[in-house]
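Numbers for residues simply follow the sequence, beginning at 1.
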Amino acid sequence: MEAVRIDGDSLLLPGGVRVRFMRTLRLPETGTHALPPGLGQFPVRRVEDYPGTVPAEWRARGGVMLPVYLREAMWLGFGTSEPAALQVGVGKVCAISGKDWSSRLRRRPQNYVVLPRQPWLDGINSGKGTVRQFVAVPLGLGATVEGQVTGEETWGGIQLQTFPLKEAPLAQWREEGRRKRERAIKAAPSAPSGPYGGLPPAAPGAVPAPAAMAAPGGAPRSAPAMGLGVGGSMRQEVYKDDWLAGSWVKEPAGRVFVHLVTPPQWRRITGEAPPPSPVDRAAYTQAGLPWFDYYDQDGEDLAPTDALDQVKPVGDWLGDDHEPWREPSSHQVKPLGDAPGKPIEDGDW
């Protein structure tokens, strides 16, 4: 496999795939809602940079870590320079199919998302045209997707694995792209091409990953293990793969294990202050800030599997959410249209 790299607070997987971990507002666990806003990226650090303070099992798995509060919600943002198939696991359960983690792509049921068609993923594929929001919970309660689907809570965290196109379909895709660019230039010869050559800029506010550090908090000890459960439902499609069967390579090009760390443990391991606690939902909505609806009439949504359709929200384990909910007004819901870094050490998982 090729190396996965860290670029600021983003992951760069082979094939030009960029993954960002976005903080967001947690939705109520009843009803179906618009897409909540992004509230900045989670900080991401390499496990190998903290050999004196991370638990031994983390060092064995390698990868990266990020701090997350109990019941904090997140979404994953994707970008890519060329088509790719990306597997997303939550506790080594596929967030798309509900099946066990696999080193192979499967189409029935589909166990991956297709980039760049899938711009983001806010939760597990749990309904027709909807997902249930990713929400952080500790292992041991049975509240994680892993615990509900498999009956055990062993892994926690998030797992990512990418597969590029084979040479022939990739060459055809590149040629079609070249022809489109030529037609666009002929149609508007004086139009500027833009400062990024058609690619989005890196996320603002990124900071470089730290160099290897001495242990800020003494010898490593076992860490509170965190995984992902689910919260409220939102309108979001998980798109069916429309590439021909056999278009993707059989072996993954790269993979990474993402450990979820409690804020106190983050401070002890890294010596850094964790991000502030999540923004109050009612205050955000009351301030008139935007929510989002995404429309794609040409995309075909994947039907949910029974395993993910039956996953219960974290409130069933942790109790009712007493944080006040203020529904955004209609004018706040906005419609949306269609670098090298340090390599990350992989391990045994």
Heavy-atom pair with the smallest gap, counting every atom of A136 and V68: CB-CG2, 3.5 Å
Derivation and outcome, side-chain contact (heavy atoms from CB on, under 4.5 Å), residues T262 and M226: CA-CA 7 Å; T262 65; M226 298 282 281; 3.9 Å; yes
R46, R45, R23 screened by salt bridge (Lys or Arg N to Asp or Glu O under 4.0 Å) with D9, the one that passes: R45
Connected via hydrophobic side-chain network under 4.5 Å: L160 and V114: no
Donor-acceptor pair, side chain of Q133 and main chain of V230, under 3.5 angstrom: no
Flag for W101-N111: side-chain donor and acceptor within less than 3.5 Å: no
Separation of M65 CE from Q265 CD (nearest 0.5 Å): 9.5 Å
Backbone N/O of G156 and side chain of Q159: donor-acceptor pair under 3.5 Å: yes
Min side-chain heavy-atom separation P252-M1 under 4.5 Å: yes
D122 and M74: CA distance, side-chain angles, deciding distance, side-chain contact (heavy atoms from CB on, under 4.5 Å) verdict: CA-CA 7 Å; D122 285 65; M74 73 162 60; over 6 Å; no
For Q118 against F78, the heavy-atom pair lying closest together: O-CD1, 3.4 Å
Any I96 side-chain heavy atom under 4.5 Å of Y112 side chain: no
Cluster check L260, M22: I/L/V/M/F/W/Y, side chain < 4.5 angstrom: yes
Backbone of W266 reached by a side-chain donor or acceptor of T270 within 3.5 Å: yes
Closest contact, heavy atoms only, R20 versus S10: CG-OG, 3.3 Å
Rounded distance (nearest 0.5 Å) linking atom OG of S103 with atom CZ of R255: 9.0 Å
Heavy-atom side-chain contact between V54 and E48 under 4.5 Å: no
E2 side-chain N/O to G254 backbone N/O, donor-acceptor pair under 3.5 Å: no
side-chain contact (heavy atoms from CB on, under 4.5 Å) between F21 and F134, worked out: CA-CA 11 Å; F21 303 89; F134 292 133; over 6 Å; no
Heavy-atom pair of closest approach, residues W173 and S81: CH2-O, 3.5 Å
Heavy-atom closest contact (A253 atom, P14 atom, distance): O-CG, 3.5 Å
L105-Y239 co-clustered via ILVMFWY side chain contacts under 4.5 Å: no
L35 CG to T24 OG1 distance, which is reported to the nearest 0.5 Å: 9.0 Å
Cluster overlap W120 with L13, hydrophobic side-chain contacts below 4.5 Å: yes
Donor-acceptor contact present, side-chain R26 to main-chain R71, <3.5 Å: yes
Path from V238 to W75 over hydrophobic side-chain contacts below 4.5 Å: yes
Side-chain ion pair, E251 and R104, N-O less than 4.0 Å: yes
Polar side-chain atom of T144 near backbone of G147 as donor-acceptor pair, under 3.5 Å: yes
Nearest-0.5 Å distance that lies between atom CG in L66 and atom CD in Q41: 11.0 Å
Heavy-atom side-chain proximity of M234 to T32 below 4.5 angstrom: no
Option passing side chain to side chain donor-acceptor pair (under 3.5 Å) with E182 (candidates K186, R178, R179): R178
Spacing of OG1 belonging to T154 relative to CH2 belonging to W349, to within rounding of 0.5 Å: 14.5 Å
Output field: ring centroids F163/W248 closer than 6.0 Å: no
L228 vs I124 side-chain heavy atoms within contact, under 4.5 Å: no
K342 with D7: basic N within carboxylate O range, under 4.0 Å: no
Flag side-chain contact, heavy atom, 4.5 Å: T162 against L115: no
From Q110 atom CD to C94 atom SG, the distance as rounded to the nearest 0.5 Å: 9.0 Å
E272 (side chain) donor-acceptor with R267 (main chain) under 3.5 angstrom: no
Whether F257 and W155 hold their rings parallel, tilted or perpendicular, with breakpoints at 30° and 60°: tilted
Heavy-atom donor-acceptor pair, E82 side chain to V17 backbone, under 3.5 Å: no
Whether H259 side chain and G62 backbone form a donor-acceptor pair below 3.5 Å: yes
NZ/NE/NH1/NH2 to OD/OE distance under 4.0 Å, E29 and R132: no
Step-by-step side-chain contact (heavy atoms from CB on, under 4.5 Å) determination, D241 to R107: CA-CA 8 Å; D241 184 4; R107 297 175 78 102; 3.1 Å; yes
Taking every non-hydrogen atom, the tightest pair across I6 and V44: CD1-O, 3.3 Å
Min side-chain heavy-atom separation K92-E146 under 4.5 Å: no
Flag side-chain contact, heavy atom, 4.5 Å: V4 against L12: no
